[in-house]
Amino acid sequence: MKKKILVTGGAGFLGSHLCERLLNEGNEVICLDNYFTGQKQNVIHLLDNPYFELVRHDVTMPFFIEVDQIFNLACPASPIHYQYNPIKTIKTSVAGAINMLGLAKRINARILQASTSEVYGDPKIHPQPESYWGHVNPIGTRACYDEGKRCAESLFVNYHRQNNVDIKIIRIFNTYGPRMHPHDGRVVSNFIVQALKNEDITMYGDGEQTRSFQYVDDLIEGMIRLMNSRDDFFGPVNIGNPGEFSMLELAEKVIQMTGSKSKIIFQPLPEDDPMQRKPDITLAKKELNWEPKVHLDEGLTRTIDFFKTVVK
Ligand code: NAD
Ligand code: UDP
């Protein structure tokens with residue numbers, strides 16, 4: 001059945017893929033964005049669709065509309081962007097969640113929060129199950145994002161307990177793919193752009209720190225499955241690819257796949273940069289029958305092809 005769906009942060013990297021998928025499934029989509037890190041370019045191909053609407057709005061201000069579902073993605077996600085104006089990042093996470101939860105409560109809509117593996121901070125348990133409470137520095141440079149997202153999770157759960165709002169919480173692990181911003185400083189986009197330009201590959205720290213990367217299509221599938229999951233399951237649920245790589249391995253793979261002449265140079269590790277990250281996806285498998293399908297090599301090939309069209 002056709003649904004009316006609001007996607008906040010819809011002009012961003014993940015939001016644009018979500019809008020596209022929801023439209024392809026025959027829904028009506030309202031994409032809300034203040035274009036802080038997102039761009040019209042990401043959704044320009046959707047503008048001809050009469051069931052797609054684009055609204056310039058900031059989630060820290062209330063917004064009124066009648067919809068069936070809300071995906072709350074609005075929030076800068078890359079460290080350089082969320083640290084550019086940390087107070088605004090906290091306001092976006094916290095005031096944005098309050099505004100969207102208030103809307104969901106008023107119109108009886110189901111609402112999904114895009115949370116993050118950053119709620120686990122620099123984890124001391126490996127891999128990370130949802131039951132782990134995390135290891136977060138509340139006053140560090142990443143705290144505006146980590147604590148903002150943790151507070152948003154708390155708001156979601158309390159709107160559910162106190163007001164019976166129909167909530168879902170997804171904890172997204174590092175995701176990559178076409179339409180990542182070429183200058184947002186995240187590792188996959190940085191390494192590919194540097195490799196395509198034959199520039200130095202900037203390795204922070206010794207490169208032994210690990211991450212687990214999932215391709216965007218796998219994430220969107222998990223997000224939609226969670227949104228449409230049974231009424232009495234709200235998560236939080238980890239969605240990520242358990243394949244774990246060091247940043248050195250990633251750099252070597254990108255250099256090899258692009259045939260680049262780039263050399264790896266070492267720079268200081270940013271403050272509170274987590275050493276290890278890998279999702280335990282047992283819950284997603286059990287509740288959503290979900291697991292990632294796209295292998296790193298295949299996802300990187302598609303992502304490199306995208307960056308070849310934007311890197312001049
Ligand atoms: P992105 O920066 O590309 O997208 C975020 C979007 O939100 C942008 O279009 C931006 O303009 C918009 N936005 C920011 N502040 C806003 C505000 N106050 N009002 C309205 N719009 C606002 O990042 P992304 O990678 O697409 O991430 C989307 C969501 O997923 C974020 O909530 C992020 O925290 C979460 N997430 C992403 C990853 C990842 O690896 N990409 C991992 C974990 C969680
Ligand atoms: N990183 C790096 N070089 C870069 C960008 C990032 O070595 O040019 C490292 C970064 O220090 C971190 C990892 O890659 O250890 C992932 O960084 P990203 O910002 O993509 O994600 P997050 O740290 O939020 O998981």
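In each ligand, atom 1 is the first atom listed, and ligand 1 is the first ligand listed.
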Practice task
Considering the heavy atoms of K149, write down every atom of ligand 1 situated less than 4.0 Å from one of them.
Solution key: 31 (C), 32 (O), 33 (C), 34 (O)
Problem - S93 side chain to I90 backbone, donor-acceptor under 3.5 Å - result: no
Practice task
Around atom 43 (C) of ligand 1, find the nearest protein heavy atom and jot down its residue, atom name and distance.
Solution key: I172 O, 3.1 Å
Practice task
Identify the protein heavy atom lying closest to atom 39 (C) of ligand 1, giving its residue, its atom name and the separation to 0.1 Å.
Solution key: R186 NH1, 3.4 Å
Handout entry: Centroid-centroid distance, F234 to H160, less than 6.0 Å
Key = yes
Practice task
Around atom 11 (O) of ligand 1, find the nearest protein heavy atom and jot down its residue, atom name and distance.
Solution key: D33 OD1, 2.6 Å
Exercise for the section: May I have all residue pairs that pass ring pair (Phe, Tyr, Trp, His ring centres under 6.0 Å) and include part of residues 62-82, sequence neighbours excluded? Expected result: H57-F63, Y82-Y145
Practice task
Return the residue, atom name and 0.1 Å-rounded distance of the protein heavy atom closest to atom 1 (P) of ligand 1.
Solution key: T37 OG1, 3.7 Å
Practice task
Tell me who clusters with Y132, hydrophobic residues only, linked when side chains sit under 4.5 Å apart either directly or through other members.
Solution key: V119, Y120, I125, F173
Problem - Proximity winner for atom 17 (C) of ligand 1, if only heavy atoms of N34, N174, N42 are counted - result: N34
Completion exercise
Restricting to heavy atoms, the pick from G10, G148, G9 nearest atom 6 (C) of ligand 1 would be G9
Practice task
List the closest protein heavy-atom neighbour of atom 36 (N) of ligand 1: residue, atom name, distance to the nearest 0.1 Å.
Solution key: Y145 OH, 3.8 Å
Exercise for the section: Could you check atom 40 (O) of ligand 1 against the protein and tell me its nearest heavy-atom contact, residue, atom and distance included? Expected result: T175 N, 2.9 Å
Exercise for the section: Report the part of Y35 (side chain from C-beta onward, or backbone N, CA, C, O) that has a heavy atom under 4.0 Å from ligand 1; answer both or neither where that applies. Expected result: backbone
Practice task
For atom 27 (O) of ligand 1, grab the closest protein heavy atom and report residue, atom and distance to one decimal in Å.
Solution key: A77 CB, 3.6 Å
Handout entry: Flag for E287-S229: side-chain donor and acceptor within less than 3.5 Å
Key = no
Exercise for the section: If you have a sec, work out which protein heavy atom is nearest atom 4 (O) of ligand 1 and how many Å separate them, to one decimal? Expected result: G12 CA, 3.5 Å
Handout entry: K253 charged N/C atom sitting above F191 aromatic ring, 6.0 Å / 45°
Key = no
Exercise for the section: Under 4.0 Å, heavy atoms only, figure out whether ligand 1 is touched by the backbone of S115, its side chain, both or neither. Expected result: backbone
Problem - Contact residues of ligand 2 (heavy atom under 4.0 Å), by chain and number - result: P79, E118, R142, N174, G185, R186, V187, N190, F191, T202, M203, Y204, Q209, R211, M247, P270, D273, R277
Problem - Within reach of ligand 1, part of M180 (heavy-atom separation under 4.0 Å) - result: neither
Exercise for the section: Looking only at distances, please establish whether an N/O atom of ligand 1 is found under 3.5 Å from an N/O atom of F36. Expected result: yes
Handout entry: Residue portion contacting ligand 1 (non-hydrogen atoms closer than 4.0 Å) for H57
Key = backbone
Practice task
Under the side-chain contact (heavy atoms from CB on, under 4.5 Å) rule, collect the residues that match up with F245, sequence neighbours excluded.
Solution key: E249, L296
Practice task
Using heavy-atom distances, let me know which of S117, C75, G38 sits nearest atom 7 (O) of ligand 1.
Solution key: C75
